[in-house]
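What follows is a single structure, written as structure tokens, with notes after it.
Scope of the values below: all heavy atoms of this structure, side chains included, with no hydrogens, waters or symmetry mates.
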Amino acid sequence: MAGRINDEDVKAVRDAVPIDAVVSEYLQLRNAGGGNLKGLCPFHDEKSPSFQVSPSKGLFHCFGCQEGGDTITFVMKVDHLTFSEAVERLAAQAGITLRYEEGGYNPAHQRGERIRLVEAHKLAADWYAEQLASSAEAETGRVFLAERGFDQAAALHFGVGYSPQGWDHLVRFLRGKGFTDKELLLSGLAQEGRRGPIDRFRGRLMWPIRDIGGEVVGFGARKLHEADTGPKYLNTPDTPIYKKSQVLYGIDLAKKEIAKASRAVVVEGYTDVMACHLAGVTTAIATCGTAFGGDHIKILRRLLMDNGSARVIFTFDGDAAGQKAALRAFEDDQKFAAETYIAVAPDGMDPCELRLAKGDDAVTDLVQPRTPLFEFALRQIVARYDLDTPAGRAAALDEAAPVVARIKNSGAQHEVAVQLAGLLGILDTQFVVKRVAQLARWARERGSGRSGGPGPDRQQRGPQEYAPAQSAAPRGPALTLRNPVHATERELLKLALQRPELVSPAFDAYGVDEFTAPPYAAVRQAIQDAGGAEYGTADPQEYLVRVRDAAPDDTVRAMVTELAVEAILLRREVDEAYAGAQLVTVRRRAVERRIRDLSSTVARLGTGGDPAHLAAAQNELWILQQYDQALAVKGAAAL
């Protein structure tokens, strides 16, 4: 084993590498005030940044999952390294030579496993690149690149290389650098042959795949020779440092621009990434031999900071496989806060082909936000049905409505449902909206373990019941608009969000406890934390943003959005009289609840309780009874 790293050297590493510089390699950081920075935590999923970095203290802490520590701890946790491996990596970045107390300077073969595998990949990448630049055999690779519009400078920028056709050229080279056969097999650079390890990649064009920190962790290899009986593209197998579902090709080059522009372009292949970057679309990245999925989303979310104005643009080939890939991407769409779009060239060309045929400007134009991904997905579904017949429209609705119902944001869900009605040619828009809402409600009920489903009894109830998605908070019974108390509280909150000028300033004097349904009480608290309804009279748009931001979790935030867009239940004009009636009703019910409590207290104290307490309770009871009478007679004027 390697000796213990000298304590002075560990301290030197901590001091030499700023924690914000290290953390910003993995996620976007923004000013949090007080000299701190904040971002989306890389250790757990979250919608708003609770991960904070203090550059002056050299520490990080997540207020969501409670992870924390210094620069070394961060590297250990984010890349799953041992303490020694993390120190060694940071020391290499800072140019610090480490001393080891039990055995002097640590020899290369004693270093941590991950460090060794990363070093082997770096040496292999440099060696492959040298082969492409100078080897006569690599002419086939150079021609391949040139035919696709990539010169030597482009190959150098992306580190493209060439693996010779022999059996063990790379194996012999890395053995000469001190790597063991066990390490070469573990790295995925070699595979077991009849007489020992042989090169995994032979006679292929090589793209180094780097992690978000910029270290080479794997390769993508393209077949060049007819004699090669392997697949067209061959990737590094999963290894201790490479998981294809957790890496994005080009992320090391694109990450800063993605964070800066709040935009990412997802393409399908290595040459597409090259074409986009060379055309000026420097936010392009690609998956590595696997479909775009949840782990890829986590990488992008940390860079995009879940900014609602962020954009993720997918480019897929126009063929059936590309359409299938787009539909798979849509399945994960709701994991993004960013808006998602799809861009498909009219002639079906990918970005590499498009650049070659029509130039850089055509690539730039291609990835400008085009069709929202949900719209593309719905159009693909709808296109399979004959919409000229009632049966065809009904069948299309049956398949498309569950897709819309999966949209978590209730406001967006309603809007997309309206668009779906237009796509299907169904004139009764509300029928489609209610159908989608019904499916969404059943899904929530299934998720919360409640009984029920699309049976006759459930259909007869219609859209009157509301069951919020489960969350840690708020808790309480399911809301139902058949309960007049819940219905009025909901109506007052809608007025406070949509027409604050009609209920302000009286609404801001209402206590959170005047709303009996826990979800409504949470919305009332969010309004209060955002500055009250009176703030909404000055800047209604910013007011709603502030209320959403003040919501404690996604459930309350979704409720705020829903109440802000839901129609006010009214059979006449929305005016001060109607708003006053809701204010009075909610207040009178709160007063009546307090009167009942006090009446019980007076009765109890009257049988031998403290006379002073009894007098105080009787006085408060009398005041509330007078107030209730005034509300009954004068209405809102008595508030």
Out of curiosity, [X] [atom1] to [Y] [atom2], how far, rounded to the nearest 0.5 Å?
{"X": "Asn235", "Y": "Cys288", "atom1": "CG", "atom2": "SG", "result": "6.0 Å"}
{"X": "Lys260", "Y": "Leu303", "atom1": "NZ", "atom2": "CG", "result": "15.0 Å"}
{"X": "Phe376", "Y": "Ile342", "atom1": "CZ", "atom2": "CD1", "result": "4.0 Å"}
{"X": "Ile285", "Y": "Glu257", "atom1": "CD1", "atom2": "CD", "result": "14.0 Å"}
{"X": "Ser24", "Y": "Arg30", "atom1": "OG", "atom2": "CZ", "result": "14.0 Å"}
{"X": "Arg142", "Y": "Leu224", "atom1": "CZ", "atom2": "CG", "result": "11.5 Å"}

Closest heavy-atom pair and its distance - [X], [Y]:
{"X": "Pro208", "Y": "Gly159", "answer": "CD-O, 3.1 Å"}
{"X": "Gly141", "Y": "Leu205", "answer": "CA-CD1, 3.8 Å"}
{"X": "Pro351", "Y": "Val363", "answer": "O-CG2, 3.6 Å"}
{"X": "Thr239", "Y": "Thr236", "answer": "CG2-CG2, 4.0 Å"}
{"X": "Ala275", "Y": "Arg355", "answer": "O-CD, 3.5 Å"}
{"X": "Ala496", "Y": "Tyr543", "answer": "O-OH, 2.7 Å"}

Treating [X] as the side-chain partner and [Y] as the backbone partner, does any N or O pair qualify as donor plus acceptor under 3.5 Å?
{"X": "Glu147", "Y": "Phe144", "answer": "no"}
{"X": "Arg204", "Y": "Ala221", "answer": "yes"}
{"X": "Glu399", "Y": "Ala395", "answer": "no"}
{"X": "Thr283", "Y": "Ala254", "answer": "no"}
{"X": "His414", "Y": "Val433", "answer": "no"}
{"X": "Arg393", "Y": "Leu387", "answer": "yes"}
{"X": "Arg200", "Y": "Gly188", "answer": "yes"}
{"X": "Arg546", "Y": "Ala530", "answer": "yes"}

**Asked** Do other residues, nucleotides or ligands put more than 12 heavy atoms under 6.0 Å from the NZ atom of Lys256?
**Response**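 No - once you tally the heavy atoms of other residues, nucleotides and ligands closer than 6.0 Å, there are 12 at most.
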**Message:** More than 12 heavy atoms of other residues, nucleotides or ligands under 6.0 Å from NZ of Lys243: yes or no?
**Reply:**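 Counting neighbours around NZ of Lys243, more than 12 heavy atoms of other residues, nucleotides or ligands fall under 6.0 Å, so yes.
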In the structure I gave you, are the side-chain heavy atoms of [X] and [Y] within less than 4.5 Å of one another anywhere?
{"X": "Leu378", "Y": "Gln419", "result": "no"}
{"X": "Cys41", "Y": "Glu67", "result": "no"}
{"X": "Tyr249", "Y": "Phe158", "result": "yes"}
{"X": "Ile297", "Y": "Phe292", "result": "yes"}
{"X": "Leu495", "Y": "Val574", "result": "yes"}

**Asked** Between Lys244 and Asp238, does a salt bridge (charged side-chain N to carboxylate O under 4.0 Å, His left out) hold up when you go through it step by step?
**Response** CA-CA 7 Å; Lys244 63 183 179 181; Asp238 281 358; over 6 Å; no
**Request:** Taking atom types as modelled, find out whether Gln438 and Arg435 have a side-chain donor-acceptor pair closer than 3.5 angstrom.
**Result:**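 Yes, because at least one side-chain N or O of Gln438 sits under 3.5 Å from a partner of the opposite role on Arg435.
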**Request:** Quick one: do Val403 and Ile381 satisfy side chain to side chain contact (heavy atoms under 4.5 Å, CB included)? Show the steps, please.
**Result:** CA-CA 10 Å; Val403 174; Ile381 292 172; 3.7 Å; yes
**Sole residue of Met274, Glu268, Arg148 in side chain to side chain contact (heavy atoms under 4.5 Å, CB included) with Cys352** =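 Per the side chain to side chain contact (heavy atoms under 4.5 Å, CB included) rule, the option paired with Cys352 is Arg148, out of Met274, Glu268, Arg148.
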